[in-house]
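This report concerns only the one structure given below.
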Number of protein chains: 2
Amino acid sequence: MSSEPRERILASARALYLEGGVQAVTMRGVAERVGVTATALYRHFDNKEDLLTELIGQAFLTFGAYLHRALGGKTPMERFLRSSESYLDFALEQREIYRTIFMSPVPKPADRPGFQSHRFDPASTFQFLVDRIRECMDSGDLRKDDPEQVAISVWAHVHGLASLQVCGSFDLPDEQFQEVYRQSVKRMIAGLAGPSS
Amino acid sequence: MSSEPRERILASARALYLEGGVQAVTMRGVAERVGVTATALYRHFDNKEDLLTELIGQAFLTFGAYLHRALGGKTPMERFLRSSESYLDFALEQREIYRTIFMSPVPKPADRPGFQSHRFDPASTFQFLVDRIRECMDSGDLRKDDPEQVAISVWAHVHGLASLQVCGSFDLPDEQFQEVYRQSVKRMIAGLAGPSS
DNA sequence: GTCTATAGGTGGATAGAC
DNA sequence: GTCTATCCACCTATAGAC
């Protein structure tokens, strides 16, 4: 590949990104990590935004790979539950990427002329979830309801849990939190009122 | 008051903050807005962090005022539902403050020597919610369960909804979203499985 | 492809005159 | 209390030599 140096630059950028977020990615910093001077990077990327765009693009693909695992489940309910597991795995294992995708303001098309939506942006995540839920309603595992509205509730619930953990609001180690997360998903399905499960 | 200029500085800082977040608050920018030079600010604040700390402190008080409204409800369930309403009101009306309090990494005591927790930080929000939920369990409005675990589920759910809206992930106008939010709270209470409500 | 040198920008903070 | 002048750190980006 003639683009091997390009990959090395992206790798260094990703490392800095995972350590300290977007603001930790500077041309100087990336260059130092690669072992060249900052100006050398401009042979491979037009400018910083270019580099960042490619980085984020790869991040979306990573998320897509996590979600895709859930489709290995054999029943609708299994696929639904696995989706929530995969979602959490991604949030915990790729914290900074999760922050960027789901905890940062969504750039509007107006802000970025020529903006191309990725395969796995928040919108397609949402659609993925709608499909899992519709399946469960068809199979009778979930009560019949508007799949899109239910998807909003479910997504908000898992995202809320994941994002609070990523922010450190719970002050729980990840292993303990995973159990809390699973229980909470059960509770979301069973509800808060009515007879105990 | 001898601290009147101090208040004017804070007001300008708050304005910038609400417009563009923390990063929009620069000593130069604040000073320009007040109508003085940047150096003048250092007569009133030791440094930028000092200014920011005071700003955030006031923000926590604002949030506390929102939550406090919920206590006007007459029954436990009413107070519980009003809490969720107040929470959303705050998130939508004070977006940037909401971001700072609930969507940013929680500073660990280690990071800030002499760090003093505020009256309404994530931890005390959580306690407030636990109290509302315990009330509802005692009154029989909610099924008996571990109030803290249920509080986690409930908080995550409303925070997830609020934060996704604040980020623009839903792409819905606030008025429409409020109705979605209310329905979702109902759904959280009723659950996703079992008979329709 | 990579370097040195350099331009041009933003931001925090201090010294000392008024 | 506020000013001017100034320093320092850090950043993106370009020109032109090698």
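Throughout, protein chains are lettered first and strands after them, A, B, ... in sequence-line order, and every chain is numbered starting at 1.
Nearest-nucleotide positions on DNA chain D place Val25(A) closer to the 5' end than the other of Arg43(A) and Val25(A).
Between the side chain of Thr39(B) and the base of dT4(D), a donor-acceptor pair under 3.5 Å is found.
Between Arg8(A) and Glu4(A) there is no salt bridge, since none of the side-chain N atoms of the basic residue sits less than 4.0 Å from a carboxylate O of the acidic one. With respect to the salt-bridge test (charged N to carboxylate O, under 4.0 angstrom), the residues Arg33(A) and Glu19(A) qualify.
Rounding to the nearest 0.5 angstrom, the gap separating the CG atom in Asn47(A) from the CG atom in Leu52(A) is 10.0 Å.
Straight-line distance from the CE atom of Met27(A) to the C1' atom of dT2(C): 14 Å, rounded to whole Å. Taking atom CG on Asp46(A) and atom C1' on dT14(D), their separation rounds to 13 Å, with Å as the unit. Nucleotide dC11(D) holds its C1' atom 16 Å from the CD atom of Glu49(A), rounded to whole Å. In this structure, Tyr42(B) atom OH and dC3(D) atom C1' are separated by 15 Å, rounded to whole Å. Remark: C1' of dA13(C) and NE2 of His44(B) are 16 Å apart, rounded to the nearest angstrom. Atom-to-atom, CZ of Phe45(A) to P of dT2(C) comes out at 12 Å; the value is rounded to the nearest Å. If you measure from atom CG of Asn47(A) to atom C1' of dT14(D), you get 13 Å, rounded to the nearest angstrom. Going from atom CZ of Arg8(B) over to atom C1' of dT2(D) covers 12 Å, rounded to whole Å.
The aromatic rings of Phe90(A) and Tyr66(A) sit perpendicular to each other, their planes meeting at more than 60°, with 30° as the lower class boundary.
Thr26(A) comes within 4.0 angstrom of sugar-phosphate atoms only, judged by non-hydrogen atoms across all strands, and of no base.
Distances from the side chain of Ala40(A) to the nucleotides dC3(D), dC3(C), dG11(C) place dC3(C) closest.
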